[in-house]
Amino acid sequence: MNESDSNPMPSIDDVARVATLSRLALDEDGLEAARRDLSAILGHVAAIQSLDVDEVEPMPRPQDVVNRLAEDEPGPLLDREVLLRMAPRTEGPFIAVPKVLGEGGA
Amino acid sequence: MKHVNNDSNQSTDRDHADDLVARVRSVRDGEATTTDRLERMLSRIDDVNPGLNAFREVLREDARRHADSIDTRLAAGENPGPLAGAIVAVKDNLCTTEGRTTCSSKMLEHYRSPFEATAILRLRKAGATIIGKTNLDEFAMGSSSENCAWGPVRNPHGVDRVPGGSSGGSAAAVAADCADVALGSDTGGSIRQPAAFCGCVGFKPTYGRISRYGLVAFGSSLDQIGPISRSVRDASLLYEVMAGVDPHDATTSEMPVESPLSDGPLHLEGLRVGIPREHVTDENHPGVTDRFNETLDALRNAGVKIVDVDLPLTHHGISTYYVIAPAEASSNLSRYDGIRYGHRAEAIPGEGLEALYARTRSEGFGPEVRRRILLGTYVLSAGYYDAYYTRALKVRRLIKQEFDGVFAQCDVLLGPTTPAPAFRLDADLDPVSMYLNDVYTVNANIAGIPAISIPGGIAEDDGDALPVGLHLQAPAFAEPLLLRTASALETMRSKA
């Protein structure tokens, strides 16, 4: 977990934590394969740690543009039938989801 | 730089007798009909697509209806637009109301979009007929079009070779003459690298030039839609039709769109062409080096001023990209949870919602997409965010500043599009080696500048004759300079 670690090698626990955050179900082999891949990629990416960027402003977009706001006006809505046709499961005019209450706030 | 070659349009016509511009002209002049042209391409697809796997879906009936309406309007003396008669294929990560939009992912196997991408709407309004949706690396993540849920795409120049990626289906479709032109998307080279591997022109405009509305999001600060075509003037025409501000995409620029080739190709004499030393190394394939050196000699003979420039951050581009792109992807792809649309795993009684999300996403996404989601989540997670993500955004600014510096010394940059021609399908590259395919192309996405790959000759590799690409880059919003230079270079090469 050391940010300045120059040789990043995520542990199996790190990968398991990231898989949980990613909402991906990985078995033991999957975790080990992911650890190997992430280590190789992060090993390559580590090169940017050598650059002096202390005085540099981060650049989230390729142009320093200012956001453009749209008028707050109602626009056309998608038809309910169109939206329901996209859903994997429906019940009447609703999208059906698994029961979520009573499982400890998941 | 501002000298115009007055006879250039005539020579361009002669050089590109069979490009999109020539083909739509033949329809407008009554020498061909859209329907006849479409039927020829549909039979071509029937013949070659089983071997190439370039198309995810052929929109046969919709295309027939559209082609018929274009011919009817032409017969009535109407002008359906500059693309009347054009047959266009579009990458299957662009939303169409006809057919499905799968992103070559099991997650979206049955997904039908309720709306159409702005770029495609504009093509249709200009008279284009959409023939089908082309195959790609799943969610546009890849450089070989092998990461496809329903089998890899093959290169028309050698079916045991990859067509490049991620827009491999679009490049293969154009190279195999299954479409006049095709749309791709480019996040780190995904238009230009497959265009180079398949002998086509591939153009990525400045970030913000073409609306991303209806392009399934991968790396939102990097993605741009662009054409894969037979000539630079084809790419320019499609760009002109699609570019411009769109209320549905707040990142589109309000800068007016110029007609890039209205003044014809540039007269090359006096043009300052920068050659990044880092792009012409001994590590390039010998065929790539030979073809590039021949082009340089021809440019010198044409009076171009060759300027050696340094882009020392070139090799940090891949590292920067593989932090920013997966970070944005992990956020963008969090929407696929199996609830409102897309794949949903079979529910197990008593299972919680979190477990259902995780099984849905593990079943729906392929290995490369899962890998990038994990990587993106890692670099955004507590303890690593500043060390990776914030740092990569800072390096992005350094890369942008590096481009600003070299564009003070030269008008455009020229280099090979890729270090080597198309590799074999069974090359079995590890992730990092695969990512290095984009070493010369990613920095244009990181800095948001326009770039184009044009055919740069043929390289011999292991007994195969394979196309290689020439890569031109220009400052942001300098599309006219970029395309006029590319057009002049294309004409020069065709006369060689």
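So that the names make sense, note that chain A is the first sequence line, chain B the second, and so on, each numbered from 1. Model, not experiment: these values are computed from the prediction.
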Might you point out which heavy atoms bring [X] and [Y] nearest each other, and give the distance in Å?
| X | Y | value |
| --- | --- | --- |
| B:Ile318 | A:His44 | CG2-NE2, 3.9 Å |
| A:Asp54 | B:Lys394 | O-NZ, 4.1 Å |
| A:Gln63 | B:Ala476 | NE2-CB, 4.4 Å |
| B:Tyr322 | A:Val45 | CB-CG2, 4.3 Å |
| A:Ala34 | B:Leu374 | CB-CD1, 3.8 Å |
| B:Tyr111 | A:Met86 | CE1-SD, 3.4 Å |

Reported [atom1]-to-[atom2] distance for the pair [X] and [Y], which is rounded to 0.5 angstrom:
| X | Y | atom1 | atom2 | value |
| --- | --- | --- | --- | --- |
| A:Ser50 | B:His316 | OG | NE2 | 4.5 Å |
| A:Leu26 | B:Arg370 | CG | CZ | 7.0 Å |
| B:Thr320 | A:Met59 | OG1 | CE | 13.0 Å |
| A:Asp14 | B:Tyr384 | CG | OH | 4.5 Å |
| B:Phe365 | A:Leu24 | CZ | CG | 7.5 Å |
| B:Leu398 | A:Leu51 | CG | CG | 6.5 Å |

key: Side-chain (B:Arg344) to main-chain (A:Pro88) donor-acceptor, under 3.5 angstrom   = no

B:Ser362 side chain to A:Ala25 backbone, donor-acceptor under 3.5 Å =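 Yes.
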
Can you find a heavy atom in the side chain of [X] that is under 4.5 Å from one in the side chain of [Y]?
| X | Y | result |
| --- | --- | --- |
| A:Val18 | B:Leu375 | no |
| B:Thr252 | A:Arg68 | yes |
| A:Pro58 | B:Arg396 | no |
| B:Tyr388 | A:Gln49 | yes |
| A:Asp37 | B:Glu368 | no |
| A:Leu21 | B:Ser381 | yes |

Proximal component of [X], with respect to chain A [non-hydrogen, under 4.5 Å]:
| X | value |
| --- | --- |
| B:Leu356 | side chain |
| B:Tyr435 | side chain |
| B:Ser331 | neither |
| B:Leu222 | neither |
| B:Arg371 | both |
| B:Leu313 | side chain |
| B:Ala447 | backbone |
| B:Pro431 | side chain |
| B:Phe477 | side chain |
| B:Ser330 | neither |
| B:Ala355 | neither |
| B:Glu328 | side chain |

Given that the side chain runs from C-beta out, which part of [X] has a heavy atom under 4.5 Å from chain B: side chain, backbone, both or neither?
| X | answer |
| --- | --- |
| A:Ala70 | neither |
| A:Ile48 | both |
| A:Ile41 | both |
| A:Val82 | side chain |

For the candidates [options], which exhibits the highest count of non-hydrogen atom pairs separated by less than 4.5 Å from chain A?
| options | answer |
| --- | --- |
| B:His343, B:Arg112, B:Glu363, B:Glu254 | B:Glu254 |
| B:Arg391, B:Arg359, B:His110, B:His315 | B:Arg391 |
| B:Tyr207, B:Tyr389, B:Tyr321 | B:Tyr207 |
| B:Asn445, B:Val432, B:Asp337 | B:Val432 |
| B:Pro247, B:Ser319, B:Ser220 | B:Ser319 |

request  = Could you check A:Arg23 against B:Glu354 for salt bridge (charged side-chain N to carboxylate O under 4.0 Å, His left out), going step by step and ending with a plain yes or no?
outcome  = CA-CA 7 Å; A:Arg23 305 293 185 268; B:Glu354 296 283 342; 2.7 Å; yes

ask   = Highest number of heavy-atom pairs under 4.5 Å with chain B: which of A:Gly30, A:Ala40, A:Pro60?
value = A:Pro60

query = Does B:Glu283 CD have over 12 foreign heavy atoms under 6.0 Å away?
reply = no

